[in-house]
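Just below is one structure, and these are the notes that go with it.
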Amino acid sequence: MNIIGTSVPRKEAPNKVTGRARYTNDINVPGTFHAVMVPAHQAHAQIVSIDVDEAKKVPGVKAIITGDDVSILCGDVTEDRPPLAKDKVRYWGEPIALVVARNEAAARRAASLIKGRYKSLPVVNSIADALDKKAPLVHEKNGSYTVATPPVTPKKSSNIADEANVTKGDMDKAWKASDVKVKVHISLPQIDHAAMEPRIAKAEILADGRVLIHASTQAPFEVQKLLAKYFKLNPGQINVTAPLVGGAFGGKAGVQLEVLAYLASKAVDGQMVKIVNTREDDLATSPLGMGLEADIALGASKDGRIQAADMRFFMDIGAYTDSAPRIARAIAAQCTGPYAVANVHTDVYCVYTNHTYTTAWRGFGHMPMTFAVERAMDELAEALKMDPMDLRELNAIRPDDITPTKARLTRSNLGDLPKALTHMRQLIGWNGGRVEAVAEGKVRVQGVAAFWKTSSSPPNAVSGALITMNSDGSVNLSIGAVECGPGTKTTAAQILAEKLRIPLDRVFIHEDVNTQVDPEHWKTVASLSTYMVGRAVLDAANDLITQLMALAAAVLKCSPDDLDYGDEKIFVRDDPSIYLDFKDLALGYKYKEGDSIGGQLMGRGKFMIRHLNLLDQHTGHGRPGPAWTVGVQAVEVEYDQNTHQYRLLKAATVMDAGKVLNPAIASGQVMGGMNMGLGVASREGIFYDTEGRFLNHQFRLYKVMRMGEQPKQYLVEFIETPQVDSAYGARPIGEHAVLAIGAALANALSRAANVSLNTLPITPETIWRERRAH
Amino acid sequence: MREFTQPEQVSLTINNEPRTVVAYPGETLLYTLRGDSLGLTGAKPGCENGDCGACTVLVDGVPVKSCLVLTAEVEDHHITTVEGLREAPIQKAFLDHMAFQCGYCTSGFLMLGHALSQHVDRADEGRRTEWLRSNICRCTSYQEIADAVTETCSSLE
Ligand code: FES
Ligand code: FES
């Protein structure tokens, strides 16, 4: 191996440092029309009328669309979301109209002149509000919407959009066997993805009936299928292009602006129309990450073994369902965290509120879930008077254990958590969790938390790879996974170069995805691309090698079995001086006399997820994902007991990566993930006022980490327990570094401040409040 | 600054080349740079209200958020965009330190880093952090960016 396991730079790196990397909004056709959304400034209201008369008079305005002009409902699980609010507004910022104009300025001016008249309704402003017996309904039709992708179990006449349950073992017995019990209540606000590139979509309907979509999306093939369904088109008519994506984090896996762009183009005779979110739209109007309230009860015997886990999770999904039911099932399936617990009862509820609707957020629900479980674990360690690291090691899930949904674990499909814990003790210099005084009023403390995650994909998710050869013997690789930062394309190229035994610069890979040209790839989500694309690339490489061998065998008058390859040559194994260059085979072989055989060589590869199933509706049993990545994270902080300010000194991750394909890209992923997770834990959160108005829809109000606020030191270590069915043994690692770092911080600060910190974000003020309340 | 109420011709020096554009009175420099006539899309819109720095360019060598500047205000000034960097040490340092993932924030950070490296005499660590705080990166841990900028500044010292 000489390419796998080395820190090659990203393929597109030179373009990214010269301004030549092109994102969706950098590629424009002159004459493109602009569409602008009109957001509602009500959180819950009946729409009485929408006055568009003044707006229509603005020069350059070509069309104005409102909810009454659109009859479809969107949603990848439950179809409950009108693309433009109809009859009712369900969150502050929900689009009530769309203006299409010759240029952006005219569209904005017109949009500002559109006035909605409303009859205000009582606002469902929290999970508690939503669950109240007398709660107003966010959706009167809850329970009778079309379900596009079961399972989902809404409760009629309530704000419960879905419920997922998992049970295992015997809870009564388990509680009897528990000498120590702890209970924690967790409360986490909604958060934003805050990708630096705002969401954008462009649509054009050609005269021949084809629909061209250009969008910043993680799911071009999903956009294609959903648009076809909503607008009764053939998927083949719809050509979706996804150029480089400027950050996504799950927020670009759903389909929102693409639908509006299509409607806008339709309203102006199929002209190319662009719709770009302002940052304010991107926060308040496009979907967020869910909020969570959770009640976790754990019971353990004196020796520290966990006997019982009883958990309720209430997700603040906001006004529409989007992918929440799938996230709920992911939470249910991994609800115990990476621990072997024989007796489990978990209920997860998707709760409608009058908040901005939510979608996948890096980790697919596992980050808030992990926060809840890992806070409970630290409370349990405290109750047992055990070292929190020891408690985790004692209960760590191992091969031959079964998951909460009764999936069987093996050395291949599960990473090695005990080993990761051992490495972490070294890496952070674990001191047992003691609070150490460092100066007058200042203490230093460490916190730890562990995670696991599998990738919840549909049981029929596919991926593909196509290789074509160039006349010089180099290859072009085509895949359907989008490049949104994690180096997906580079990794795929590395896998191909390794397999073909050629240098990386002989593999060409285009940075965009085009659904008409590239093979299908489910979605660039769930950190699954390396696994799925990797397998497809290997399959395609094998196909190409077989063809190279067959053609060479014919020319060299031998059996393909006599041949081997390397150095861009096919050679006779026992006499390498007899060989043919790749370039002489790439477009067919030409004999001296000029007659030729073979034609262009192309490798085709495919992969389909196997052995997964939908979880049983009653017991929750089933196999949710192909493999579980595990890891442990820790922080060291200095805390001022007087001011409650704290400084992040160290943040560390040890993860079982299976095989690290590109060490520099992998540690970058992990460091970035920790930074994001610590940002969430220390400063992020959406605020709504008592009327449900979205208060912080700008970066000066929705604070993310900035330079200098990151920990003094980031530490990353990988261990490698191969996942045998993955290319070179690599495990998914893209999302994982956000999962437990916030919990590690809360665990550290809870001990330092001597108070349970179970809400996020943790600021000096929240610590002060908690201490005052206790 | 000249006053005008209709689109008018404005002359700028962009990446050492004199250019003339037609700009609306209220047109931001970011808009002008990215528009069809210049096509310099390296500067990115991330918030268009000064919060994120993805649009950072240099005006007479000083980093400026181009979403907060009107084109009319910088008439006759020297603008440097990421497209104007020619094998600047900061670019190599960003490559060496893998100081980006999605790359959307990169042009802005490069311009800050480049400007800092031109003023190394004043760029101690505190100053560097202060400057770099004006921009947001959501993908990296900032450590990579800090390392790239530090290396560039200290190699020039
Ligand atoms: S776009 Fe100029 S600061 Fe964000
Ligand atoms: S690299 Fe994506 S925002 Fe900085």
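Every chain is numbered from 1 and lettered A, B, ... according to where its sequence line falls, protein lines coming before strand lines. Computation of the quantities below employed the complete heavy-atom set of this structure, encompassing side-chain atoms and omitting hydrogens, waters and symmetry-equivalent molecules.
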Counting heavy-atom pairs under 4.5 Å to chain A, which of I136(B), I145(B), T106(B) comes out on top? I136(B)
pair R279(A)-N49(B): side-chain heavy atoms closer than 4.5 Å: no
M674(A), part contacting chain B, at a heavy-atom distance under 4.5 Å: neither
Could you tell me whether the side chain of Q91(B) reaches within less than 4.5 Å of the side chain of T18(A), counting heavy atoms only? yes
Does anything in residues 53-83 of chain B get under 4.5 Å of chain A by heavy atoms, and if so which residues? V82(B), E83(B)
Which answer fits L110(B), side chain, backbone, both or neither, if we ask what part of it has an atom under 4.5 Å from a heavy atom of chain A? side chain
Which atoms of Q698(A) approach chain B - backbone, side chain, both or neither, heavy atom under 4.5 Å: both
Among V245(A), N15(A), V704(A), D26(A), which residue has the highest count of heavy-atom pairs closer than 4.5 Å to chain B? D26(A)
All side-chain contact (heavy atoms from CB on, under 4.5 Å) counterparts of R133(B), not counting sequence neighbours: R706(A), M707(A), E709(A), T129(B)
Taking G247(A), C484(A), A194(A) one by one, which has the highest count of heavy-atom pairs under 4.5 Å against chain B? A194(A)
If we define contacts as heavy-atom pairs under 4.5 Å, which of Y24(B), F100(B), F109(B) has the most with chain A? F100(B)
Any sub-3.5 Å donor-acceptor pair from E48(B)'s side-chain atoms to T278(A)'s backbone N or O? no
Within 6.0 angstrom of R108(A) CZ, more than 12 heavy atoms from elsewhere: yes
What do you reckon, is NZ of K92(B) surrounded by more than 12 foreign heavy atoms closer than 6.0 Å? no
Could you tell me which non-hydrogen atom of Y104(B) sits nearest to which non-hydrogen atom of G246(A), and how far apart they are? CB-CA, 3.9 Å
For F699(A), give me all partners under ring pair (Phe, Tyr, Trp, His ring centres under 6.0 Å), at least two apart in sequence or on another chain. none
E125(B), CD: over 12 other non-hydrogen atoms inside 6.0 angstrom: no
Would a 4.5 Å heavy-atom cut-off, applied to side chains only, mark M676(A) and R138(B) as touching? yes
In terms of heavy-atom pairs under 4.5 Å, which option from E483(A), M671(A), R700(A), R10(A) contacts chain B the most? R700(A)
Tell me, for L678(A) versus chain B, whether the close heavy atoms (under 4.5 Å) come from the side chain, the backbone, both or neither. neither
Please list, in residue-number order, every residue in residues 26-47 of chain B that has a heavy atom less than 4.5 Å from any heavy atom of chain A; write 'none' if there are none. Y31(B), R34(B), D36(B), T41(B), G42(B), K44(B), P45(B), G46(B), C47(B)
With chain A, the option among A99(B), A88(B), C139(B), C102(B) that has the most non-hydrogen atom pairs under 4.5 Å is C102(B)
So which part of N277(A) gets closer than 4.5 Å to some heavy atom of chain B, the side chain, the backbone, both or neither? neither
